[in-house]
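Presented below is the structure to which this report refers.
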Amino acid sequence: MRSIPFLLFIVPLLWSCSQSVPSTNSPETRPNIIFIMTDDHAKNAMSLYGSELIQTPNLDRIGNEGMIFNRSYVTNSICGPSRAVFLTGKYSHVNGFRDNSDLFDGSQMTYPKILQNNGYYTAVVGKWHLKSVPQGFDYWNVLIGQGNYYNPTMVNMGDTVNHTGYTTNIITDLAIEALEDKIPDGKPFCLMVHHKAPHRNWMPDSAHLALGEQSYPLPDNFYDTYENRLAAAQQDQAISRMFMSSDMKLEPTRVRVETGSGGAADNTHVAAGWQRLYDQLTEGQKEYWDAYYQPISDEFFARNLQGNELIEWKYQRYINDYLKCIMSVDDNVGRLLNYLEQQGTLDNTWIIYTSDQGFYLGEHGWYDKRFMYEESFGMPLVMRYPPLIDPGSVNNNLVLNLDFAPTVMDLLGIDTNEPWQGKSMLPLMKGSQQELHPDGIYYHYYEYPHGWHKVKRHYGISTPRYKLIHFYNDIDQWELYDLQEDPQEMNNIYDQADPALIADLKEKLVKLQDQYADIEFE
Ligand code: CA
């Protein structure tokens with residue numbers, strides 16, 4: 001173990017705690033909190049949301065024994081920015097983390113800091129991805145940047161530690177270890193368990209490789225031609241262009257020159273990077289890895305696939321690996337739930353499972369996220385807390401990651417002067433079906449023209465039925481969808497819709513932009 005000043009942690013550690021005031025609640029009324037967040041988990045890969053691709057019994061258990069949120073959304077569909085919104089309860093333009101090239105200003109107020117000031121033990125294990133040092137935590141043990149699927153290097157309170165094993169298992173081990181050894185007896189805690197999975201490049205564990213390769217159905221709109229949707233036509237996140245090396249996992253020695261663009265501005269180093277990832281596996285890991293992937297490579301090079309056959313082969317490869325990474329998350333969440341059950345603490349712990357945003361599993365021919373379309377705008381959200389949430393509850397209101405921090409404050413009865421931009425979900429958790437956001441929910445995405453995947457900058461509003469999006473910067477196109485008639489968002493009706501409908505949505509959009517003080521549209 002050695003201590004190094006590494007690139008990710010460059011912000012001063014001091015912060016002010018002047019904005020929160022002590023809770024009036026007694027400790028007995030304050031639940032423990034376990035917030036589990038994965039990275040890029042599509043609702044379509046969770047059986048509770050009707051997935052035909054996978055069974056996720058342990059993730060489903062949280063929702064089935066608690067509440068399922070069917071319409072949970074993100075304000076900016078990309079990793080770092082979503083995490084910053086969860087922590088601060090404020091939009092990207094306010095918390096300052098607009099895209100993954102930004103650095104999180106850790107001196108600002110976050111809900112873990114307020115919990116810590118109110119007597120909670122706070123901890124985060126797993127993916128952090130905000131570049132600056134985690135602040136407001138009694139214990140933090142996080143991956144560097146995106147982290148690796150195998151044998152990750154983590155930073156434990158400033159010390160780098162090399163682990164051996166599969167990262168989803170390791171993060172869960174660290175979470176259970178924190179519960180067992182670190183949290184002082186009788187002190188309420190908030191433990192954030194942030195998995196790397198199922199982020200690209202989807203490297204499964206041995207247990208799930210043993211299940212073998214399966215064939216999955218193509219989404220109806222896999223061969224989307226993007227009519228009337230310029231930004232959709234100009235993205236670089238098509239499965240057809242995925243990396244043959246690190247995405248498809250062809251043998252490194254046989255893919256010395258990467259031919260897929262993979263959404264990267266420069267793909268010249270990708271094949272070498274894949275070789276390095278492979279080389280980092282232990283001999284034992286290489287054994288089962290090669291047993292699975294070498295025959296796939298051999299068959300691929302023997303077949304000389306072309307055209308749609310090649311594209312569909314890529315889809316199958318992608319989905320097979322993606323789902324196996326989710327299976328590991330599901331197993332490990334089950335392990336954590338079982339541990340809590342054995343300790344007798346399951347029912348007095350508020351358990352939340354969500355993802356930083358959704359993901360495309362072949363819809364529109366894509367992988368990745370970023371767009372305000374449903375697959376990447378929405379994400380799973382389920383919670384379990386029997387003292388408050390009736391088992392089998394379902395909520396269909398629009399909620400945002402922005403709402404989480406104020407929900408924590410409301411549930412715990414902590415008064416703050418913090419200008420949260422979200423709304424408390426507590427009434428919904430108690431059974432209300434009233435919209436928290438009666439004017440609709442607001443979205444703004446920024447990572448263009450820099451960054452990955454060439455998804456144009458855009459902002460928009462979604463109401464329960466309609467979604468209006470404006471793509472800007474080097475493009476100027478409005479899109480309007482009727483989610484009831486066109487849930488796959490294939491038909492942009494902006495030019496045909498009733499002008500009164502458009503005027504009403506634009507009025508609400510401007511109202512939300514004013515309310516959130518969002519004024520940057522360049
Ligand atoms: Ca993500």
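Just so you know, ligand 1 is whichever comes first in the structure, and atom 1 is the first atom listed for that ligand. Residues take their numbers from the sequence shown, with the count starting at 1.
Residue contact annotation: Ser82 places no N/O/S atom under 3.0 Å from the Ca ion (ligand 1). The Ca ion (ligand 1) has an N, O or S atom of Cys79 inside 3.0 Å of it.
Asp356 contributes OD2 as its N, O or S atom closest to the Ca ion (ligand 1). Shortest distance from the Ca ion (ligand 1) to Asp39 is reached at OD1 (N/O/S atoms only). The atom of Asp40 nearest to the Ca ion (ligand 1) is OD1, with the search restricted to N, O or S atoms.
Tested against His458 for a ring pair (Phe, Tyr, Trp, His ring centres under 6.0 Å), the candidates Tyr373, Tyr442, Tyr472, Tyr443 yield a single pass: Tyr443.
Aromatic ring centroids of Phe404 and Trp350 lie under 6.0 Å apart.
Checked by atom type, the side-chain pair Asp331/Asn58 shows no donor-acceptor distance below 3.5 Å. Asp403 and His437 are linked by a side-chain donor-acceptor pair at a separation below 3.5 angstrom, with hydrogens and angles left out of the test.
Looking only at distances, no side-chain donor or acceptor of His364 sits under 3.5 Å from a matching main-chain atom of Glu489.
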